[in-house]
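Quick notes on the structure that follows.
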Amino acid sequence: MNPILEKIDNESNPALAEIFADIDRIAFENTQKVMDAFREFKVSEAHFAPTSGYGYDDKGRDTLDLIYAKVFDAEAAFVRHNIVNGTHALTIGLSALLRPGDIMLSVTGKPYDTLEEVIGIRGESGNGSLADFGIEYKEVTLKDNGDIDFEGIESALKKYGKRIKVVFIQRSKGYMIRPTLSVDQIGQIVKLSKSISDAYVVVDNCYGEFVEEREPTSVGADMIIGSLIKNPGGGMAESGAYIAGSKRAVELASYRLTCVGIGLECGATLGNTKSMYKGFFMAPHIVAQAIKTAHYAAYVFEALGYECEPRYNEKRNDIIQMIKLESRDKLIAFCGGIQSASPIDSFVAPMPWAMPGYADEVIMAAGAFTSGSSIELSADAPVKEPYPVYMQGGLTFESGKLGILSAAERVLEIK
């Protein structure tokens, strides 16, 4: 190991000990909730049996929906292996709640890149975006320091009134340089929104599940949405996403998932159920490993002189660690280091490319057992100044640590 990194690594152990203890405490509390739900709904091997065709009366599918709702403190939920990613799930949720003439109000600024074409604020018209169906988009940006602009939200809610049907919150930072929202902060937005409007509050919950003891549905959000190849899949689920929230919001989403009148009655599981159950059971522990990896990454790169958000000693609200690498070469080197320390495709050299759904060239390092899995150690970024990289995941802290040290070695080689 590079002597500089060996010294930093040795110093990290006492510096992170108390932080890691609190992460383990949260993981225990969340594991207890999952265990309680499994016992309450009497999960057995019979729940893993696959169905085909229409998938009527799929006991495993329907029980897993109940478990998600229970653990996430929601009235209802559904989780399906054939929702292809988080953006797909968000599209289902937003399309279910919004009608022509309605307004979608984003209160955390511009949403994640892949949602821009769904909304219709980027890309060609006529492709079936929300804008094509007469749905308007408005936004309230966060303040310069990343704080929520409550006055701006109140002003927008009063200005547009009943036309606002969805108040949209992106919990995580996406590709922006801003803090991730805590569940308490989301609760404050919900409280303000509900005091003025009857709009649905929808939260993009990607990367946030099990990081805290509560989810946004615990503080009144009408709908939360996330991907199974991120936190709640626990590194076991190989595809899929979930939607949880109020009974009516989830019902409307179920009609968009399949069709009006059928909703959740159909949907063959085709042998995917066991990995989804097992992944959800593992998720609190796996998320804890990813958070530890993020804290360690921040500690190492702050010691090397790089700006990190969050700081190594700051409490986390998602699994993402942003590091400003200051140059294109260092960004590529970092991603190359992560890839080379991955169990799969370690020999591949990630390079920037024009990835579908993104406005800028994107570089991605993801040597994962499940393609594109963000709960496994990965790093990605739009290739633009100030060249921040967004790192997340780590199925084990040990493997995550090896990945960070590999990335740091590569960066140190760039003059």
Side-chain angles (χ1 to χ4, degrees), residues 90 94 103-116 119 121-122 136-161 163-197 199-208 211-212 214-216 218-225 294 298 302 306-326 359-360 381-382 384-392:
L90 286 161
L94 293 172
I103 291 174
M104 170 187 169
L105 176 67
S106 175
V107 297
T108 48
K110 189 178 71 169
Y112 189 67
D113 294 37
T114 56
L115 207 56
E116 291 179 6
I119 296 168
I121 55 178
R122 180 168 59 83
E136 291 187 44
Y137 170 81
K138 306 291 182 183
E139 71 179 35
V140 178
T141 60
L142 297 173
K143 294 181 179 180
D144 291 342
N145 62 357
D147 287 348
I148 301 162
D149 184 358
F150 288 105
E151 291 181 358
I153 295 171
E154 182 176 359
S155 176
L157 288 169
K158 289 179 177 178
K159 179 178 179 181
Y160 298 110
R163 289 191 60 208
I164 297 176
K165 189 62 67 68
V166 165
V167 173
F168 181 78
I169 300 169
Q170 183 172 292
R171 180 176 180 177
S172 188
K173 61 176 61 65
Y175 281 158
M176 299 179 72
I177 301 174
R178 59 113 165 146
T180 293
L181 299 188
S182 68
V183 172
D184 281 344
Q185 288 174 305
I186 292 170
Q188 291 172 0
I189 297 174
V190 172
K191 184 177 180 180
L192 173 61
S193 298
K194 297 297 183 182
S195 71
I196 299 171
S197 169
Y200 293 102
V201 178
V202 177
V203 181
D204 176 353
N205 206 32
C206 287
Y207 303 105
V211 175
E212 301 184 51
R214 300 182 299 167
E215 300 299 330
S218 300
V219 293
D222 297 287
M223 182 181 283
I224 60 172
I225 300 168
E302 282 183 38
Y306 293 93
E307 182 181 341
C308 297
E309 203 293 313
R311 299 285 307 278
Y312 87 88
N313 56 356
E314 289 182 324
K315 187 170 175 60
R316 306 286 159 141
N317 299 310
D318 69 1
I319 64 170
I320 297 175
Q321 179 61 53
M322 187 279 292
I323 305 167
K324 287 186 184 178
L325 292 169
E326 302 168 357
D360 300 287
K384 61 181 181 180
E385 293 181 349
Y387 300 104
V389 69
Y390 299 85
M391 186 225 79
Q392 56 274 317

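Count residues from 1 along the sequence. Because the structure is a prediction, the values reported are computed rather than measured.
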Under the salt bridge (Lys or Arg N to Asp or Glu O under 4.0 Å) test, residues paired with E326 that sit two or more places apart:
none

So OH of Y137 and CD1 of I119: to nearest 0.5 Å the spacing works out to 5.5 Å

Between NZ of K159 and CG of L157, what distance do you get to the nearest 0.5 Å?
12.5 Å

Rounded at 0.5 Å granularity, tell me how far CD1 in I148 sits from CD in Q185.
4.5 Å

Test ring pair (Phe, Tyr, Trp, His ring centres under 6.0 Å) applied to Y312 - qualifying residues, sequence neighbours left out:
Y299

For Y390, give me all partners under ring pair (Phe, Tyr, Trp, His ring centres under 6.0 Å), at least two apart in sequence or on another chain.
Y175

Tell me, please, which residues at least two apart from R316 pass side-chain hydrogen bond (donor to acceptor under 3.5 Å, both in side chains).
Q321

All side-chain hydrogen bond (donor to acceptor under 3.5 Å, both in side chains) counterparts of S172, not counting sequence neighbours:
D318

Got a second to check how far R171's CZ is from N205's CG, nearest 0.5 Å?
5.0 Å

In Å and rounded to the nearest 0.5 Å, what is the NZ to CD1 distance from K138 to I103?
6.0 Å

Flag side-chain contact, heavy atom, 4.5 Å: I169 against P216:
no

Test of understanding: with side-chain hydrogen bond (donor to acceptor under 3.5 Å, both in side chains), list the residues that count as partners of E151, not counting sequence neighbours.
none

Give every residue pair that meets the salt bridge (Lys or Arg N to Asp or Glu O under 4.0 Å) criterion with at least one member in residues 177-191, sequence neighbours excluded.
D184-R214

Please walk me through it: do V202 and I225 pass side-chain contact (heavy atoms from CB on, under 4.5 Å)?
CA-CA 8 Å; V202 177; I225 300 168; 4.0 Å; yes

Determine all donor-acceptor pairs shorter than 3.5 Å in which one atom belongs to a side chain in residues 140-147; sequence neighbours excluded.
residue	atom	partner	partner atom	Å
N145	OD1	D147	N	3.0
N145	ND2	D147	OD2	3.0

In Å, rounded to the nearest 0.5 Å, how long is the span from OG of S218 to CD1 of I224?
8.0 Å

Qualifying residues under salt bridge (Lys or Arg N to Asp or Glu O under 4.0 Å), relative to E314, sequence neighbours excluded
none

Minimal non-hydrogen separation, F168 against L94, with atom names
CD1-CD2, 4.2 Å

Taking all non-hydrogen atoms of both residues into account, name the closest pair between A294 and M391 and its distance.
CA-CE, 4.0 Å

Determine whether a donor-acceptor pair (N or O, by modelled atom type, separation under 3.5 Å) exists between the side chain of S197 and the backbone of S193.
no

Which heavy atom of L325 sits nearest a heavy atom of Y306, and at what distance?
O-CE2, 3.9 Å

Just by modelled atom types, is the V183 backbone N or O under 3.5 Å from a matching donor or acceptor in the E212 side chain?
yes

Grab the two heavy atoms, one from N317 and one from T180, that are nearest each other, plus how far apart they are.
ND2-O, 3.3 Å

E302 meets the side-chain hydrogen bond (donor to acceptor under 3.5 Å, both in side chains) criterion, sequence neighbours left out, with R311

Do any pairs count as a side chain to side chain donor-acceptor pair (under 3.5 Å) and have a residue in residues 103-112, sequence neighbours left out, and if so which ones?
K110-E116, Y112-Y358

Would you find more than 12 non-hydrogen atoms of other residues, nucleotides or ligands less than 6.0 Å from K194 atom NZ?
yes

Kindly give the heavy-atom pair with the smallest separation between L105 and I164, and that separation in Å.
CD2-CD1, 3.9 Å

Residues in salt bridge (Lys or Arg N to Asp or Glu O under 4.0 Å) contact with D360, at least two apart in sequence or another chain:
K384

